[in-house]
Amino acid sequence: MSKSSSNAASSSSNSISDKTFTGLGNLIKLLPTGTVFVFQFLNPVLTNYGHCSPVNKVLSSILIALCGFSCAFSCFTDSYKGGDRKVHYGIATVNSLWPYSGSGSVDLSKYKLRIGDFVHAFFSVIVFAVLSLLDSNTVQCFYPSFESSEKVLLMVLPPVIGVISSSVFVVFPNTRHGIGYPSTSPSDSSDNTSNND
């Protein structure tokens with residue numbers, strides 16, 4: 001095998017592995033870790049470990065709705081570095097980013113809403129819905145007969161949704177650095193290295 005063909009093969013495999021890791025990274029960023037942690041922490045308590053009363057069902061439904069909203073909302077937030085060289089956060093709007101604090105001289109129009117934001121929000125809610133609605137405590141609480149009769153679906157659906165979502169995120173990569181995610185622009189990394197010196 002010639003050197004040029006081995007270089008082409010290795011660059012092709014690097015390209016595929018880069019796309020795979022990018023898709024996996026986008027899937028990991030899809031669900032805010034704090035939201036999933038809050039759900040996993042509170043769901044057993046609110047569902048009484050699957051032995052629900054009507055009050056437990058209402059509280060668990062509220063938790064699922066709030067966590068789902070949080071997953072969707074985070075897709076419409078972004079961060080930017082202000083004139084004070086600090087990271088600020090805002091909500092994407094049709095025209096620009098609506099900052100929580102003054103933006104100074106920063107042009108926020110490049111942070112406006114994109115189609116990809118709605119795609120991310122939709123799949124974020126879908127992934128969270130699968131995660132939450134197929135949780136064993138939720139299943140026992142809301143639809144206990146489903147667990148025994150549809151065990152295969154409970155095992156197969158989460159990985160299938162994960163594969164579909166990660167494929168979509170390869171097509172629509174997540175470029176936002178919302179609330180809870182550090183900004184990774186080149187200027188930020190150079191500032192961090194200069195601050196560490």
Side-chain angles (χ1 to χ4, degrees), residues 19-79 89-94 98 100 113-182 184:
K19 287 182 180 179
T20 303
F21 284 121
T22 300
L24 182 62
N26 285 330
L27 185 61
I28 290 169
K29 288 195 310 187
L30 177 63
L31 290 179
T33 311
T35 301
V36 175
F37 174 76
V38 166
F39 174 78
Q40 293 289 342
F41 181 73
L42 292 177
N43 188 48
V45 175
L46 295 181
T47 60
N48 193 23
Y49 296 93
H51 306 290
C52 283
S53 68
V55 172
N56 292 111
K57 288 183 179 183
V58 169
L59 292 175
S60 183
S61 298
I62 291 170
L63 174 68
I64 291 170
L66 288 176
C67 289
F69 173 78
S70 173
C71 289
F73 177 74
S74 67
C75 295
F76 299 103
T77 62
D78 210 337
S79 62
Y89 297 97
I91 301 170
T93 65
V94 175
W98 180 47
Y100 291 123
L113 282 175
R114 299 180 294 262
I115 293 173
D117 297 330
F118 294 98
V119 172
H120 288 155
F122 175 76
F123 277 95
S124 175
V125 171
I126 294 295
V127 170
F128 180 75
V130 168
L131 175 79
S132 61
L133 297 178
L134 296 183
D135 179 78
S136 61
N137 292 322
T138 306
V139 170
Q140 289 174 12
C141 179
F142 289 99
Y143 30 91
S145 62
F146 186 77
E147 184 177 35
S148 58
S149 63
E150 302 295 336
K151 225 170 207 171
V152 174
L153 183 63
L154 291 174
M155 292 187 312
V156 170
L157 193 58
V160 169
I161 294 296
V163 167
I164 292 170
S165 298
S166 60
S167 301
V168 168
F169 290 118
V170 167
V171 176
F172 293 98
N174 188 3
T175 57
R176 295 217 182 265
H177 300 97
I179 296 171
Y181 296 103
T184 57

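This structure is a prediction, so every number in the text was calculated from the model and none was measured.
- Annotation for Tyr143 and Leu134: closest pair OH-N, 4.4 Å, computed over non-hydrogen atoms.
- Judged by distance alone, the side chain of Asn43 and the main-chain N or O of Gln40 form no donor-acceptor pair under 3.5 Å.
- Using a 4.5 Å cut-off on side-chain heavy atoms (C-beta onward), Phe142 and Leu133 make no contact.
- Every residue two or more places apart in sequence or in another chain that forms a side chain to side chain donor-acceptor pair (under 3.5 Å) with Ser70 is listed here: Thr35.
- Nearest heavy-atom pair, Phe128 versus Gly68, reported as atom, atom and distance to 0.1 Å: CE2-N, 3.6 Å.
- For Phe76, the ring pair (Phe, Tyr, Trp, His ring centres under 6.0 Å) partners are Phe118, not counting sequence neighbours.
- Applying the ring pair (Phe, Tyr, Trp, His ring centres under 6.0 Å) criterion to Phe122, with sequence neighbours excluded, gives no partner residue.
- Listed by chain and residue number, nothing satisfies the side chain to side chain contact (heavy atoms under 4.5 Å, CB included) test with Val45 (two or more places apart in sequence, or in another chain).
- Shown here for Ser165 and Val127, the closest heavy-atom pair between the two residues is OG-CG2, 3.3 Å.
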Verdict with reasoning, Phe41 to Val38, per side chain to side chain contact (heavy atoms under 4.5 Å, CB included): CA-CA 5 Å; Phe41 181 73; Val38 166; 5.8 Å; no

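- For Ser167, the side chain to side chain contact (heavy atoms under 4.5 Å, CB included) test picks out Val163, with sequence neighbours left out.
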Ile161 and Phe123: CA distance, side-chain angles, deciding distance, side chain to side chain contact (heavy atoms under 4.5 Å, CB included) verdict: CA-CA 9 Å; Ile161 294 296; Phe123 277 95; 6.0 Å; no

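- Note on residues 62-78: pairs passing salt bridge (charged side-chain N to carboxylate O under 4.0 Å, His left out), not counting sequence neighbours, are Asp78-Arg176.
- Pairs engaging residues 48-68 under the ring pair (Phe, Tyr, Trp, His ring centres under 6.0 Å) rule: none recorded [sequence neighbours left out].
- The main-chain N or O of Ser74 is found under 3.5 Å from a side-chain atom of Thr77 such that the two form a donor-acceptor pair.
- Going from atom CG of Leu131 over to atom CZ of Phe39 covers 6.0 Å, rounded to the nearest 0.5 Å.
- A pairwise comparison of heavy atoms in Ser124 and Cys71 identifies OG-CB, 3.1 Å as the closest pair.
- For Thr47, there are no side chain to side chain donor-acceptor pair (under 3.5 Å) partners two or more places apart in sequence or in a different chain.
- Summarising the geometry of Thr138 relative to Ser132, their closest heavy-atom pair is OG1-O, 3.0 Å, with the distance given to 0.1 Å.
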Atom pairs and distances, donor-acceptor, side-chain atoms in residues 56-66, under 3.5 Å, two or more places apart:
unit_1 : atom_1 : unit_2 : atom_2 : d
Asn56  : OD1    : Ser53  : N      : 3.1
Asn56  : OD1    : Ser53  : OG     : 2.8
Asn56  : ND2    : Leu46  : O      : 2.8
Ser61  : OG     : Lys57  : O      : 2.7

